[in-house]
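Below is one structure, written out as structure tokens; comments come after it.
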There are 2 protein chains.
Amino acid sequence: MAGMADPLDTVFHALADPTRRRILSMLLEDDMAVTDVAAPFEMSLAAISKHLGILTRAGLVSQERRGRVKWCRLEPNALRDARIWMQSFGQFEAVNLDAFERFLEIELGADKGETDRKGG
Amino acid sequence: MAGMADPLDTVFHALADPTRRRILSMLLEDDMAVTDVAAPFEMSLAAISKHLGILTRAGLVSQERRGRVKWCRLEPNALRDARIWMQSFGQFEAVNLDAFERFLEIELGADKGETDRKGG
DNA sequence: TTGTTCGTCAACCGTTTGGTTGAATATGCG
DNA sequence: CGCATATTCAACCAAACGGTTGACGAACAA
């Protein structure tokens, strides 16, 4: 078909739909079966299946079949490139990326269990 | 009218097109007139004008008319919401956002002119 | 005035998107 | 086996997308 696009195309396009962003938010809390992902939406299962396909092709979600059930898991690393691309434009222009990485290591290593940031 | 969409829809959709991302990269270096933005592209001026409209409606670009010429400026702050949304999903999950803000203040205040990483 | 440049508008075109429905394919259970 | 469950596939549809072209208005110069 029309040729493979830049991964950024795929990721940003996947994120441009509110249904898909909502799906990602749901998967942030837990892995889910396709049917359970579809449950809260007022659209057909097939539509959700398509959305999950788009998210999967974008690398944002991985799917593993276990028996009849296909489990969907969030793959947050796929956002990395997009985030890095965006950083070129943000107010972080002048940020030293090395220092940024160090900051993250400290933050992530320090109090893993203390942060209670699961607000809706 | 299909109603106003979530700003995240608009921003991510604007970013999902390689032409538009390239335009943003160009504007990162300098403000430009519409005609000059269009110059390096192999498509019509009208097409670029449309792309600039999409970027403007997304808040990523502002346009100011001076005489005949319409100047386009990058508005990187519009990426803020998108970036914050993405941070929920990244490897930065556990990052304390307050500490993150402090980090940025320090980084941005410390060596404003030293970093010279304009790759691309 | 006439003419040129800058940029948008309007109409059109083919392709893609996001949704529907119904059939098909697995898998599991009795 | 026969039947329900889980998920996708295929065909279809209206609407939006990304592009084109030609006409248009606004600003400047002669």
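Per chain, numbering begins at 1; letters A, B, ... match sequence-line order. Hydrogens, waters and symmetry mates play no part in the numbers below; they use all other heavy atoms, side chains included.
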Euclidean distance, atom [atom1] of residue [X] to atom [atom2] of [N] [Å, nearest integer]:
{"X": "Asp17(B)", "N": "dT16(C)", "atom1": "CG", "atom2": "C1'", "answer": "13 Å"}
{"X": "Lys50(B)", "N": "dA16(D)", "atom1": "NZ", "atom2": "P", "answer": "14 Å"}
{"X": "His13(B)", "N": "dG18(D)", "atom1": "NE2", "atom2": "C1'", "answer": "9 Å"}
{"X": "Arg66(A)", "N": "dG28(C)", "atom1": "CZ", "atom2": "C1'", "answer": "15 Å"}
{"X": "His51(A)", "N": "dG18(C)", "atom1": "NE2", "atom2": "P", "answer": "6 Å"}
{"X": "Arg57(A)", "N": "dT16(C)", "atom1": "CZ", "atom2": "P", "answer": "13 Å"}
{"X": "Leu45(A)", "N": "dA4(D)", "atom1": "CG", "atom2": "C1'", "answer": "15 Å"}

> Just how far is it from atom CZ of Arg20(B) to atom NE2 of His13(B), taken to the nearest 0.5 Å?
Replying inline: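 Between atom CZ of Arg20(B) and atom NE2 of His13(B) there are 4.5 Å.
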> Is a donor on one side and an acceptor on the other found under 3.5 Å between the side chain of Arg21(B) and the backbone of Leu15(B)?
Replying inline: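 Looks like yes, one N/O pair under 3.5 Å.
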> Want to settle it: does Arg68(A) or Asp36(B) sit nearer the 5' end of DNA chain C, counting the closest nucleotide to each?
Replying inline: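 It is Asp36(B) whose nearest nucleotide is closer to the 5' end.
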> Mapping Ser44(A) and Arg65(A) to their closest nucleotides on DNA chain C, which lands nearer the 5' end?
Replying inline: Ser44(A)
> Looking for any heavy atom pair under 4.0 Å, which part of the strands does Ile54(A) touch: base, sugar-phosphate only, or nothing?
Replying inline: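 Sugar-phosphate only.
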> Hey, does Ala46(A) reach any base, or is it just sugar-phosphate, or nothing, if we go heavy atoms under 4.0 Å?
Replying inline: base
> Out of dA11(D), dT20(D), dT8(D), which has the shortest distance to the side chain of Val34(A)?
Replying inline: dT8(D)
> Do you know which two heavy atoms are closest between Glu75(A) and Val61(A), and how far apart they sit?
Replying inline: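 So the two residues come closest at CG-C, 3.9 Å.
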> Is there a side-chain polar atom (N or O) of Arg20(A) under 4.0 Å from OP1 or OP2 of dG18(C)?
Replying inline: yes
> Are Lys70(B) and dT8(C) close enough that a side-chain N or O sits under 4.0 Å from OP1 or OP2?
Replying inline: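 Lys70(B) to dT8(C) OP1/OP2: side-chain N or O found under 4.0 Å.
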>> Just so I know, are the side chains of Met26(A) and Phe41(A) near enough to count as touching, which here means a heavy-atom distance under 4.5 Å?
In response: yes
